[in-house]
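A note on names: the letters A, B, ... follow the listed sequences, proteins ahead of strands, and every chain is numbered from 1.
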Protein chains: 2
Amino acid sequence: MEIKKVAKGEFVQKPDELKHKIIHVVTGLLRMYLVDDDGKEHIYMFAPEGWTLSDFAAIAESKKSIFYIDAIENSQIEIITKGVDEKIPRTLDEYTDQTIEMMGRRIATLQNRVVMLLSFSALDRYKQFIATYPDIVNRVPQRMIASYLGITPQALSKIRGQKNTKR
Amino acid sequence: MEIKKVAKGEFVQKPDELKHKIIHVVTGLLRMYLVDDDGKEHIYMFAPEGWTLSDFAAIAESKKSIFYIDAIENSQIEIITKGVDEKIPRTLDEYTDQTIEMMGRRIATLQNRVVMLLSFSALDRYKQFIATYPDIVNRVPQRMIASYLGITPQALSKIRGQKNTKR
DNA sequence: AAATGGCGTTAACCTAGATTAATAAATCTA
DNA sequence: TAGATTTATTAATCTAGGTTAACGCCATTT
């Protein structure tokens with residue numbers, strides 16, 4: 001396990017790297033995102049202090065990751081590196097309590113995210129985001145929140161205008 | 001743990017029940033879905049043989065579930081029931097290898113789903129679905145696939161027409 | 001076999017959010 | 001601190017997919 005400082009804007013991972021990374025954020029704030037065929041960024045998740053980032057699907061399927069990971073703030077992180085073909089632990093005693101807890105939280109988060117993307121309007125997604133991650137809201141630019149919500153910065157700007165006049 | 005037969009169309013869970021359920025599918029096919037404020041159904045996941053269904057977020061947050069679960073085919077299932085306030089296991093030795101494996105697969109699946117919902121067009125979502133779940137495609141009505149993809153049955157029908165003529 | 005109800009398809013119209021573009025404010029950099 | 005770059009906002013226009021509605025096809029029930 002490697003401890004590292006990353007400056008704002010610095011990359012920790014790029015797609016197609018030959019090693020998988022599991023990144024634990026000690027201080028600061030990172031983001032994990034993909035770039036689609038049209039060159040558009042889509043933020044998969046933010047990771048503030050205490051969160052862990054990794055491409056579970058890539059590790060599970062022994063594929064290369066499609067995600068970029070970079071720092072939104074100067075951060076301190078711990079990195080565990082594994083070969084692309086290295087298998088996920090197969091039995092219980094290869095796991096730690098901490099890993100299990102992280103997995104449970106991750107499933108709950110992803111589940112809520114899918115429900116939101118499936119059934120909420122852009123406005124409701126935004127409301128839920130600020131209710132769920134009030135601290136993140138003030139630490140990242142609007143356009144990244146828009147990207148996380150699956151809408152354009154322009155649409156988010158419009159929504160915020162409406163939201164304020166409607167009260 | 002309770003073993004049960006459920007007939008096609010029969011409910012296994014409805015929202016707001018006072019017990020959480022973890023459902024393992026032995027044979028057959030179930031679906032887990034929610035109904036939004038406009039009365040529209042959104043399918044969260046399908047569960048054929050070997051899959052496990054549960055509302056992780058509700059269990060993690062000790063809340064009541066928002067999901068319906070019912071049988072698409074006559075099925076045989078195993079149900080584990082827990083009180084709504086009953087805590088998720090806290091330490092490793094309360095887990096089984098099987099549970100851990102299920103969690104890993106679930107994260108990978110959900111991650112792929114979020115990426116798809118964030119960055120794919122309706123057509124690409126459909127293509128990815130039939131590539132990933134070829135067997136499910138022929139076991140569920142189109143309208144349910146549409147619901148899973150986050151589009152209307154009419155939109156899916158149109159897409160399928162295009163897809164065929166474009167070759 | 002008629003009636004009922006679910007399902008898939010097609011088509012006309014509509015709307016939430018995307019796209020494009022222009023501007024101003026904030027932030028970075030030399 | 002001047003210039004360059006990024007960000008947020010507003011507005012005009014466009015479009016993927018939603019909505020509504022009608023029709024035909026199977027199944028199931030009577």
Side-chain angles (χ1 to χ4, degrees), chain A residues 7-11 29 31 33 35-43 46 68 70-74 116-130 136-166, chain B residues 7-11 29 31 33 35-43 46 68 70-74 116-130 136-166:
Chain A
K8 180 175 173 173
E10 189 179 331
F11 284 98
L29 177 60
R31 77 207 246 248
Y33 67 96
V35 177
D36 70 21
D37 295 342
D38 299 334
K40 271 173 242 151
E41 291 181 6
H42 303 274
I43 295 183
F46 296 110
Y68 293 84
D70 68 9
I72 295 176
E73 300 172 357
N74 296 330
M116 171 187 105
L117 290 171
L118 271 184
S119 66
F120 285 20
S121 70
L123 174 58
D124 288 340
R125 300 215 281 273
Y126 179 60
K127 284 191 198 158
Q128 156 144 331
F129 183 85
I130 57 184
I136 293 185
V137 174
N138 302 306
R139 294 166 68 183
V140 311
Q142 304 289 353
R143 62 181 190 85
M144 289 192 191
I145 295 177
S147 172
Y148 181 91
L149 298 177
I151 61 177
T152 58
Q154 293 88 329
L156 180 54
S157 180
K158 198 192 291 184
I159 282 165
R160 297 181 73 230
Q162 288 169 14
K163 192 168 170 286
N164 294 329
T165 51
K166 269 189 189 166
Chain B
K8 180 175 171 174
E10 190 179 330
F11 284 99
L29 178 59
R31 77 208 247 246
Y33 67 96
V35 176
D36 70 21
D37 295 342
D38 298 333
K40 270 173 243 151
E41 292 180 5
H42 302 274
I43 295 183
F46 296 109
Y68 293 84
D70 67 9
I72 295 176
E73 300 172 358
N74 296 329
M116 172 187 104
L117 289 171
L118 271 184
S119 66
F120 284 19
S121 70
L123 174 59
D124 288 340
R125 300 217 281 275
Y126 179 61
K127 282 192 198 156
Q128 157 144 328
F129 182 84
I130 57 184
I136 293 185
V137 175
N138 302 304
R139 291 165 71 182
V140 310
Q142 303 288 355
R143 63 182 188 83
M144 291 192 190
I145 295 177
S147 173
Y148 181 91
L149 298 178
I151 61 177
T152 58
Q154 292 89 329
L156 179 53
S157 180
K158 199 192 290 184
I159 282 165
R160 298 181 73 229
Q162 287 169 16
K163 192 167 171 284
N164 293 330
T165 51
K166 269 188 189 165

[atom1] of [X] versus [atom2] of [N]: gap in Å, rounded?
X: A:I159; N: C:dA16; atom1: CD1; atom2: P; result: 11 Å
X: A:I151; N: D:dA8; atom1: CD1; atom2: P; result: 12 Å
X: A:K158; N: C:dT19; atom1: NZ; atom2: C1'; result: 11 Å
X: B:L156; N: C:dT9; atom1: CG; atom2: P; result: 8 Å
X: A:Q142; N: D:dT9; atom1: CD; atom2: C1'; result: 11 Å
X: B:L149; N: D:dA16; atom1: CG; atom2: P; result: 18 Å
X: B:M144; N: C:dC7; atom1: CE; atom2: P; result: 7 Å
X: A:H42; N: C:dA18; atom1: NE2; atom2: C1'; result: 12 Å

Quick one: which of [options] gets closest to the side chain of [X]?
X: A:K8; options: C:dT19, D:dT9, C:dC28; value: C:dC28
X: B:R160; options: D:dG18, C:dG8, D:dT19; value: C:dG8
X: B:R143; options: C:dC7, D:dT7, D:dG18; value: C:dC7
X: B:P141; options: C:dC7, C:dT19, D:dT9; value: C:dC7

For this session: Kindly calculate the angle separating the two end axes of the helix from C:dA1-D:dT30 to C:dA30-D:dT1, each obtained from five base pairs, and round it to 10 degrees.
Result: 50°

Exercise. With distance as the sole criterion, do the side chain of A:Q154 and the base of C:dT20 form a donor-acceptor contact below 3.5 Å?
Worked result: yes

Would you check if [X] and [Y] make a side-chain contact, meaning some heavy-atom pair closer than 4.5 Å?
X: B:K8; Y: B:D70; value: no
X: B:K127; Y: B:F120; value: no
X: A:I136; Y: A:F129; value: yes

For this session: Remember a base hit wins even if backbone is also touched, and classify A:G150 as base, sugar-phosphate or nothing at under 4.0 Å, heavy atoms.
Result: sugar-phosphate

Exercise. Can you tell me if A:D38 uses its side chain to pair, donor with acceptor, with the backbone of A:K40 under 3.5 Å?
Worked result: no

Exercise. Under 4.0 Å between a side-chain N or O of A:K40 and OP1 or OP2 of C:dT19?
Worked result: yes

Exercise. Does a side-chain N or O from A:T152 land closer than 4.0 Å to OP1 or OP2 of C:dA18, or not?
Worked result: yes

Exercise. Strictly by modelled atom types, are A:R160 and A:Y126 linked by a side-chain donor-acceptor pair under 3.5 Å?
Worked result: yes

For this session: Look at the aromatic rings of B:Y68 and B:F11 and report parallel, tilted or perpendicular, splitting at 30° and 60°.
Result: tilted

Exercise. Does A:R31 come within less than 4.0 Å of A:E73, counting only side-chain N to carboxylate O?
Worked result: no

For this session: Assign each of B:R125 and A:S157 to its nearest nucleotide of DNA chain D by heavy atoms, then name whichever residue's nucleotide is nearer the 5' end.
Result: A:S157

